[in-house]
Amino acid sequence: MSLVNLANVCSHLQNVSKARLSMTSIPMTRLHLNLALSLQKQGFLSTVQVAGPSPPALPELSLPKDSLSLPSDLESQIQEEPWIGLAYNAAASEAISQEAVNKRRKSERDNADVPSNPAQRRIWLGMKYWNNEPVLSKMGLVSKPTRRIWMGVDDIAKITRGRRAGYVGGLTRVGECLFVSTDKGVYESRECVERTLGGMLLCRAA
Amino acid sequence: MSVCRPATCLFRRNASAIRSSSTTPTTIRPISTTSIRHGRRRPNYENLSRTELAEIDAATKHFPEYTPEERRALKHHYTPEQIAALEEAEKAIDLRDLVLQGQFRHDHWKPSYLDDFTTLDPFLDKKEVIEPTLAPRIRPVHQDLVTDEGARQTLEEEESHGIDDDPRSTDELFALAEAEEQSTQIRKFFAELKRYKGTAREHGIRVLLRKYAGDYEPPKYDIDAELRDPLTLVHGQGKELGLDPAYSALAPEVPKFDDPRIRWPFGDDDDPNAAGYKRLALQTGFTLDQIKKFRTKRLVTHRVVNQTRMGKIASMYNLTIAGNGQGLLGIGEGKSAEPEDAARQSLLNAIRNMKPIHRYEGRTIYGEVDGKVGAVQVKLSARPPGFGLRVHHLMYEMCRCAGIADLSARSIRSRNPMNTIKATFEALTAQKLPEDIARARGRKLIDLRKVYYAGKVY
């Protein structure tokens with residue numbers, strides 16, 4: 001459970017957000033995976049996928065051949081009556097989605113994207129942006145590699161209410177989250193209060 | 001209620017209701033989410049003393065009846081049945097209820113149209129567009145008008161008019177009109193008209209011909225658009241694409257000022273102060289009275305000296321803030337050799353730069369925000385009601401202008417007055433609303449205070 005790597009992940013995600021990238025990868029560890037899933041649950045990330053050194057295959061977007069018979073003069077027809085394009089679009093997306101779903105199911109069954117060598121596995125995260133702003137803009141460690149901080153529910157509840165507890169400041173910013181590693185998994189501080197769980201404070205995100 | 005609900009739950013509910021007079025809360029967990037009321041039930045109607053009733057009755061006198069003029073005006077807008085319905089509806093509302101319960105909403109979801117629409121609010125309303133009346137009158141000409149008499153009438157009518165912005169020459173118009181028209185009779189009529197070329201009647205003829213040749217349309221191909229639009233440079237054949245603003249990669253152009261008085265100062269006003277206010281009123285859409293009512297304060301004044309080879313050139317620098325005390329705040333800078341001029345510039349700029357600032361419950365800010373300008377770093381924190389303004393004195397003035405009553409602030413590092421003001425303004429405008437964050441994360445947000453107090457909160 002290396003917090004050095006976690007610190008690296010926090011800085012990396014901040015940098016990725018600043019660069020407005022849509023996807024990035026972090027080293028595969030159980031802690032990272034649990035944290036990523038927790039971040040996704042809070043709405044900071046759009047996707048979390050385990051794959052190899054190259055990004056996982058995206059759903060098929062190109063139109064499979066012979067799936068749709070398009071009339072030869074479709075282009076000129078669309079010029080005159082643009083709305084007929086909608087019908088073709090719907091049909092095409094249906095065909096694409098069916099094809100893509102089948103392919104996806106097969107690849108999931110085979111675990112085709114995940115390399116058998118664990119050292120090559122990476123977690124691929126989809127970043128989110130809204131209104132020209134990154135959804136995850138700030139992320140930093142609370143526990144440090146040289147000084148880990150454990151807290152009980154009472155103190156975590158205090159922090160979620162915006163008060164300071166020990167050396168940890170409260171969640172005073174709008175929409176700020178604190179992630180806690182408990183014996184039941186990685187949870188957001190408010191979830192911890194709900195479930196009366198204490199644990200090690202990992203990082204805060206906003 | 002579901003039939004499947006076990007009967008025991010129902011009995012328990014009743015049992016707890018019976019024991020409701022006792023102060024000890026029931027230990028049985030109710031199945032329903034509706035809380036069981038313990039203790040004495042409050043009456044549905046408030047107990048009012050006679051003096052209170054008299055006060056309320058006096059307040060109901062503020063709702064006047066329709067005057068006869070108003071009734072007459074109503075008749076223009078509504079049918080008699082509608083007026084009767086309106087009167088019945090108004091009669092149905094007890095004036096006492098109107099006094100006791102009629103209140104303005106202050107919550108976040110309140111409709112944005114509090115007013116009675118008689119005045120324009122520059123922040124909420126679109127600016128009124130007044131159609132220009134200079135455009136020449138254009139009437140459709142029917143075939144039967146082109147008899148000699150009718151044509152002469154049209155010519156005489158149009159001659160009195162006078163504006164012609166068609167760049168085509170009269171010969172071109174004749175050629176176009178003849179190409180458009182097949183009837184030989186009318187062609188002969190055109191040939192007759194040619195003798196008026198170069199006379200005083202030419203204008204009228206041009207107007208007549210334009211109705212056959214069609215109105216002048218400027219060429220669709222816009223060289224400027226092509227040069228400005230990078231799309232056309234990438235795709236050689238994308239000229240049409242480039243011309244269509246929907247496909248342009250550029251932001252839409254800043255609208256031009258319709259009113260020349262906005263750009264150039266009034267010639268007839270000697271007093272620069274009054275002229276400045278008038279221009280400001282035109283630019284912002286606020287009335288002069290509203291502008292005069294804004295709370296303004298000059299916070300920074302100093303002399304700046306520029307050393308050149310000609311010698312030292314001194315000028316004054318001023319920084320002023322302005323606000324309406326209800327969530328609008330602006331800062332403005334003014335620099336000039338003349339002190340009064342600099343002060344005036346900064347004041348006008350401050351009013352011009354006013355921006356809305358989010359206020360939680362109309363008294364403090366949302367959460368904690370940071371601002372940084374130069375070496376100044378400020379951190380503003382929301383505080384509970386009654387906390388007051390425990391902030392730097394310049395921030396205090398800004399909060400007073402913006403209408404913030406509870407706030408605390410830390411300015412770590414430098415405390416340069418000018419940059420402190422700018423950093424505070426940056427922090428106040430950088431606030432994020434919880435609704436926006438919930439929307440960005442795709443999560444549902446419920447304001448529990450609203451649920452608890454039945455929506456009667458800010």
Side-chain angles (χ1 to χ4, degrees), chain A residues 13-14 17 20 22 36-48 75-76 78-80 82 85 125-140 157 159-164 168-179 187-191 193-194 204-206, chain B residues 108 237-241 243-244 246-247 249 251 357-361 364-372 377-385 387 390-391 404 406-410 412 426-449 458:
Chain A
L13 290 185
Q14 284 191 57
S17 280
R20 297 289 195 275
S22 66
L37 289 172
S38 206
L39 279 168
Q40 190 192 28
K41 198 173 163 195
Q42 292 302 318
F44 286 108
L45 302 173
S46 58
T47 56
V48 176
E75 210 165 297
S76 59
I78 284 182
Q79 283 276 329
E80 283 164 16
L125 308 174
M127 307 302 290
K128 272 168 102 173
Y129 302 90
W130 188 71
N131 257 3
N132 248 344
E133 295 264 319
V135 173
L136 176 66
S137 53
K138 274 201 164 182
M139 200 171 166
I159 291 173
T160 48
R161 274 185 255 119
R163 320 295 300 189
R164 167 170 286 276
V168 185
L171 299 177
T172 47
R173 278 159 207 280
V174 180
E176 204 176 7
C177 289
L178 175 69
F179 291 93
Y187 285 111
E188 211 274 311
S189 58
R190 293 166 185 95
E191 286 176 318
V193 175
E194 230 170 72
R204 53 204 314 165
Chain B
H108 190 74
Q237 70 244 47
K239 273 174 191 163
E240 289 79 17
L241 251 184
L243 288 177
D244 191 343
Y247 292 101
I357 278 166
H358 297 307
R359 294 182 303 161
Y360 179 74
E361 291 182 344
T364 185
I365 60 169
Y366 282 86
E368 203 169 82
V369 274
D370 289 329
K372 184 175 176 296
Q377 215 172 332
V378 299
K379 188 171 138 192
L380 311 179
S381 314
R383 285 291 176 257
F387 184 86
R390 300 189 200 169
V391 292
I404 292 171
D406 302 306
L407 195 77
S408 80
R410 293 269 298 147
I412 31 186
E426 193 188 287
L428 286 174
T429 45
Q431 288 178 69
K432 278 185 177 172
L433 289 180
E435 292 84 41
D436 289 342
I437 287 177
R439 174 73 186 75
R441 293 192 193 159
R443 308 204 55 181
K444 187 177 174 181
L445 179 85
I446 298 168
D447 190 348
L448 280 181
R449 293 175 323 138
Y458 275 106

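Letters A, B, ... mirror the listed sequences (proteins, then strands); counts begin at 1.
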**Prompt:** When you look at CZ of A/R163, are more than 12 heavy atoms from neighbouring residues, nucleotides or ligands closer to it than 6.0 Å?
**Reply:** no
**Request:** Inspect the surroundings of NZ in B/K379 and state if more than 12 heavy atoms from other residues, nucleotides or ligands are less than 6.0 Å away.
**Result:** no
**Asked** So which of B/R441, B/Q431, B/R439, B/K432 has the biggest tally of heavy-atom pairs under 4.5 Å with chain A?
**Response** B/R441
**Asked** Highest number of heavy-atom pairs under 4.5 Å with chain A: which of B/A438, B/G442, B/A440?
**Response** B/A440
**Request:** Let me see the working for B/R390 and B/S408 under side chain to side chain donor-acceptor pair (under 3.5 Å), right down to the final yes or no.
**Result:** CA-CA 5 Å; B/R390 300 189 200 169; B/S408 80; over 6 Å; no
**Complete:** Heavy-atom closest pair (A/G170 atom, A/E176 atom, distance to 0.1 Å) is O-OE1, 4.2 Å
**Request:** Could you look at A/Q42 and say if it's the side chain, the backbone, both or neither that has a heavy atom under 4.5 Å from chain B?
**Result:** both
